[in-house]
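Here's the structure we're looking at; comments come further down.
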2 protein chains.
Amino acid sequence: MNPSLTLVTRQGNLPVSQHVSCNECSLNPVCLPLAVSSDQLSELEQIMKRGRPLKRGEHLYRASDTFESVYAVRSGALKSYSLSEEGDEQVTGFYLPGEIVGMDGISTAHHMSSVKALETASVCEIPFDKLEQLSQRIPSLQHHFFALMSREIQADRELHMLLSKKAADDRVAHLLLSISARHQRRGLSASSFRLPMSRYDIANYLGLAVETVSRIFTRFQQNSLIRAEGREVEILDRGALCNVGRAETQRRA
Amino acid sequence: MNPSLTLVTRQGNLPVSQHVSCNECSLNPVCLPLAVSSDQLSELEQIMKRGRPLKRGEHLYRASDTFESVYAVRSGALKSYSLSEEGDEQVTGFYLPGEIVGMDGISTAHHMSSVKALETASVCEIPFDKLEQLSQRIPSLQHHFFALMSREIQADRELHMLLSKKAADDRVAHLLLSISARHQRRGLSASSFRLPMSRYDIANYLGLAVETVSRIFTRFQQNSLIRAEGREVEILDRGALCNVGRAETQRRA
DNA sequence: CGCACTGTTGATCCAGCTCAACTTAAGTGG
DNA sequence: CCACTTAAGTTGAGCTGGATCAACAGTGCG
């Protein structure tokens, strides 16, 4: 609770710069290591730090903190958000294991959003200046980071379309499919998973009211597209979920 | 009209790799050169190519073209857009002189969107593989590109908030202010300019109906926030324009 | 075991969409 | 250079998807 106490605990129990071993990490095939050859991996490991896990609700960083590092998610889940001038929250993204968070803020030297843990989560910290230096020597690493950011931009463009053109059902369906795909990528079940975020966060992210999201979950369930119990979700009819908005009116028994 | 004829014209009249001289370019202070020292500028100029200008409606590239280059806008204006599975267009961005377009597609080796000229426009082509090589040797260039992409991500996050939380007036006001700021950055008038894009494109970009955008222009004009005549716009009350959505109901005579 | 958070459901309302008619501007060919 | 076509923009009227307000049901943490 007390900041200085937290600091002591962190530095006392878990050395801040504990050695990171990507080879022993199950995320190896989906995370940063895929960008570098095995003999260069140790160089990457050298600059990475692993901190103590974050508890639900704890911040990884806050908007206006100075930008120093990007982070690879090891476990758990995080959300990024920012506040408008009027003070209301906009959830801007969700981050699952194997994904990189914190790439905003490179240009301003300050983070432009805040990131907090949705559940107990741990991350590998990658000091960005070190990463830039390393990228000078490892072309594939430089390329990988350009590609990562490019993919982030692409995803944002897709979201742009979702928010500007698609109805509420589509948006929710899209999110479910996105989470599903990201699970599958890690070798987990694509059809059965637990959502790490609340209905509130989903609604906020998708530009909808909580009530609307809730109703849509219910409707999807009634139409046997999914089975949902709280945050536990099972995808029953992936095809139909992809086509929500296409066959808008479910004229089925 | 005939592709091969166009090709001849291009290569005949204007060599594809015509030397680019950033020092003689008025965009020098807002474009790429700001990333490199003057003695390294020639290296950058070396890899850039200037093609023939694009006419209104011509494509710079199309979605699924192989990704080879990014482009710095020299003059005119461009829009990027993509098509949904149902075939309708989503305008994803507008690009003005001094700005870089084409940074999607790095990860896939194919462009994920199309870019076409809104009016006669010219660009400097920057082959991306060459740029990566150069970035290996010029840290500030590498950093600048990371920063550029980071800023793109930031802008997308802001747009996310705009689309998910803000009312139609806010969205239009925001766009006008954005165009204004980008004009100012180039040393042009911040308060008086010509919009390069149609009402249709504005509406599409902001996730609104054309009619709504048109009505809002009219309303802004009635309330003396702007003076608008077709695409010609003058900002009369910048403060009020920033606060649209704050003082929603204009209880004024 | 109680208080606060998270989620669901119902009823009502309104911002912005759709449809429609019309005006103005911009090409285009004779 | 003007008549004609087509695209771009504006205005009006009415409809609707999703927001808002409200009440209630789990759920879980301290």
Side-chain angles (χ1 to χ4, degrees), chain A residues 1 55-58 79 88-91 116-120 162-173 175-176 194-222 226-233 244-245 248-250, chain B residues 1 55-58 79 88-89 91 116 118-120 162-173 175-176 194-222 226-233 244-245 248-250:
Chain A
M1 266 109 196
K55 284 203 282 284
R56 187 152 109 67
E58 263 188 292
K79 72 167 177 183
D88 41 28
E89 180 175 335
Q90 174 64 55
V91 175
K116 72 155 73 159
L118 290 169
E119 57 193 35
T120 304
L162 205 65
L163 293 179
S164 100
K165 285 233 159 20
K166 303 305 182 76
D169 317 39
D170 293 274
R171 300 189 198 180
V172 174
L175 180 68
L176 289 174
R194 183 183 168 75
L195 296 170
M197 73 293 275
S198 67
R199 297 284 191 272
Y200 170 85
D201 286 329
I202 294 175
N204 187 301
Y205 176 71
L206 295 176
L208 300 171
V210 202
E211 294 92 327
T212 305
V213 172
S214 183
R215 281 185 247 271
I216 288 171
F217 268 82
T218 309
R219 180 144 23 100
F220 280 175
Q221 180 142 245
Q222 283 165 354
I226 64 171
R227 202 185 51 70
E229 197 172 327
R231 299 188 180 185
E232 214 66 50
V233 173
V244 169
E248 193 66 319
T249 346
Q250 308 279 346
Chain B
M1 265 108 198
K55 285 204 281 286
R56 187 151 110 67
E58 263 188 293
K79 73 168 177 183
D88 40 30
E89 180 174 335
V91 175
K116 72 157 72 160
L118 291 168
E119 57 192 35
T120 304
L162 204 65
L163 294 178
S164 102
K165 286 234 160 14
K166 303 305 182 76
D169 317 38
D170 293 275
R171 300 188 198 179
V172 174
L175 180 68
L176 289 174
R194 183 181 170 75
L195 295 171
M197 73 293 278
S198 67
R199 298 283 191 273
Y200 170 84
D201 286 330
I202 294 176
N204 188 301
Y205 177 71
L206 294 176
L208 300 171
V210 203
E211 295 92 328
T212 305
V213 172
S214 183
R215 282 184 246 271
I216 288 171
F217 268 82
T218 311
R219 179 142 27 97
F220 280 175
Q221 181 145 241
Q222 284 165 352
I226 64 171
R227 202 184 52 68
E229 199 171 327
R231 299 190 179 185
E232 214 65 51
V233 173
V244 170
E248 192 65 319
T249 346
Q250 306 279 349

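Since this is a predicted model, take the numbers as computed values, not measurements. Below, chain A is the first sequence line, B the second, and so on; all start at residue 1.
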Whole-Å gap separating C1' (dG12(D)) and CD1 (Ile216(B)): 16 Å
When you measure from the side chain of Lys165(B) to the backbone of Asp88(A), do you find a donor-acceptor pair of N or O atoms at a distance under 3.5 Å? no
Have a look at Arg231(B) and say if it touches a base, only the backbone sugar-phosphate, or nothing, with a 4.0 Å heavy-atom cut-off. sugar-phosphate
Heavy atoms under 4.0 Å, any strand shown: does Ser198(B) hit a base, just sugar-phosphate, or nothing? sugar-phosphate
Using a 4.0 Å heavy-atom cut-off across all strands, classify Ala168(A) as base, sugar-phosphate, or nothing. sugar-phosphate
dT10(D) P sits how many Å from Gln222(B) CD, rounded? 12 Å
Counting side-chain heavy atoms from CB outward, which of dT9(C), dA20(C), dC17(C) is closest to Glu211(B)? dA20(C)
Does Arg215(A) place a side-chain N or O at less than 4.0 Å from the phosphate oxygens OP1/OP2 of dG7(C)? no
Look at all strands and tell whether Phe217(A) reaches a base, only sugar-phosphate, or nothing, counting heavy atoms closer than 4.0 Å. nothing
Determine the minimum heavy-atom distance between Phe217(A) and Val233(A), stating which atoms define it. CE2-CG2, 4.2 Å
Tell me whether the OP1 or OP2 atom of dG16(C) has a side-chain N or O from Thr212(B) closer than 4.0 Å. no
Send over the distance from Glu229(A) CD to dG26(D) P, rounded to a whole Å. 12 Å
Mind checking the OG1-NZ spacing from Thr120(A) to Lys55(A)? Nearest 0.5 Å is all I need. 8.0 Å
Rounded off to whole Å, could you give me the CG-to-P distance for the Leu206(B) and dG16(C) pair? 12 Å
Within this structure, what is the CG-to-P distance between Leu208(A) and dG7(C), rounded to whole angstrom? 15 Å
Just call it for Arg56(B): base, sugar-phosphate, or nothing, with non-hydrogen atoms closer than 4.0 Å on any strand. sugar-phosphate
CD/Glu232(B) to CZ/Arg227(B) distance, rounded to the nearest 0.5 angstrom? 8.0 Å
What's the closest nucleotide to the side chain of Ala209(A) if the choices are dT11(D), dA22(D), dA19(D)? dA19(D)
Name the closest nucleotide to the Asp169(B) side chain, picking from dT18(C), dG16(C), dG9(D). dG16(C)
Answer yes or no: is there an ion pair linking Arg231(A) with Glu119(A), defined by an N-O contact shorter than 4.0 Å? no
Is any side-chain nitrogen or oxygen of Ser214(B) closer than 4.0 Å to OP1 or OP2 of dT11(D)? no
Please report, rounded to the nearest Å, how far the P atom of dG27(C) is from the NZ atom of Lys55(B). 13 Å
For dT10(D), does OP1 or OP2 lie under 4.0 Å from any side-chain N or O of Arg199(B)? yes
Grab the CD1-P distance between Ile202(B) and dT10(D) for me, whole Å please. 9 Å
For Tyr200(A) and dT8(C), what is the distance between atoms OH and P respectively, to the nearest whole Å? 16 Å
